[in-house]
Amino acid sequence: MNFYDNVYRIVSQIPKGKVMTYGQVAALCGSPKASRAVGYALHVNPQPGVIPCHRIVNRHGYLSGGFAFGGIDVQKLLLEQEGVFVDDEYRVELDRFLFCMNF
DNA sequence: ATCCTGACCTAGC
DNA sequence: AGCTAGGCCAGGA
């Protein structure tokens, strides 16, 4: 589906040290309410390594926990390695690390 | 083609 | 402020 391609493209466009929410990715894909589809798209994750799924968090800033690349702990570690501070409850400060696409 | 499920989001209580 | 219910998009049986 083209929708998935859009999701992967947008997620790949997220810079290092920034995170994005499912809703925002869905909105950029053209369907603001397709957040579930976004999660599903990352769930299948056909290109691990190319698609930084660890930079995708939910609206509350918490890591989803779907972990399609190893585990939520790895996700937390990856975010910390990129400069994103992750809370002990697997939460990211969206106020500081939320990446907003401004074309 | 229809029904159920899923890494979500919004609205109502 | 926290929890529950409903809805939207796509995929699989």
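Each chain gets a letter, A, B and so on, in the order the sequences are listed, and its residues count up from 1.
- B:dC9 atom P lies 8 Å from atom OH of A:Tyr22, rounded to whole Å.
- The nearest whole Å value for the distance from the CD1 atom in A:Ile51 to the C1' atom in B:dA7 is 13 Å.
- When rounded to the nearest whole Å, the span between CD1 of A:Ile56 and C1' of B:dC9 equals 15 Å.
- Rounded to whole angstrom, the span from the CG atom of A:Leu28 across to the P atom of C:dC9 amounts to 16 Å.
- In terms of modelled atom types and a separation under 3.5 Å, the side chain of A:Tyr8 and the main chain of A:Ala41 share a donor-acceptor contact.
- Looking at every heavy atom in both residues, A:Phe3 comes nearest to A:Ala34 through CZ-CB, 3.4 Å.
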Note to self: Within the 4.0 Å limit for protein heavy atoms, which parts of nucleotides 1-6 of chain B are touched? Write it as a string from 5' to 3', B for base, S for sugar-phosphate only, - for none.
What the structure shows: -----B
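- Taking atom OH on A:Tyr8 and atom C1' on C:dA10, their separation rounds to 11 Å, with Å as the unit.
- Between the CZ atom of A:Phe3 and the C1' atom of B:dC8 there is a distance of 11 Å, given to the nearest Å.
- Rounded to whole Å, atom P of B:dA7 lies 12 Å from atom OH of A:Tyr4.
- Between A:Glu82 and the options A:Lys18, A:Arg55, A:Lys16, a salt bridge (Lys or Arg N to Asp or Glu O under 4.0 Å) holds for only A:Arg55.
- Nearest to the side chain of A:Leu42, among B:dA7, C:dC9, B:dC9, sits B:dA7.
- Rounded to a whole Å, the CZ atom of A:Arg59 is 18 Å from the C1' atom of C:dG2.
- In this structure, A:Asp87 contributes its side chain and A:Tyr90 its backbone to no donor-acceptor pair below 3.5 Å.
- Heavy atoms of other residues, nucleotides or ligands lying less than 6.0 angstrom from NZ of A:Lys33 number 12 at most.
- Looking only at distances, a side-chain donor or acceptor of A:Gln13 sits under 3.5 Å from a matching main-chain atom of A:Arg9.
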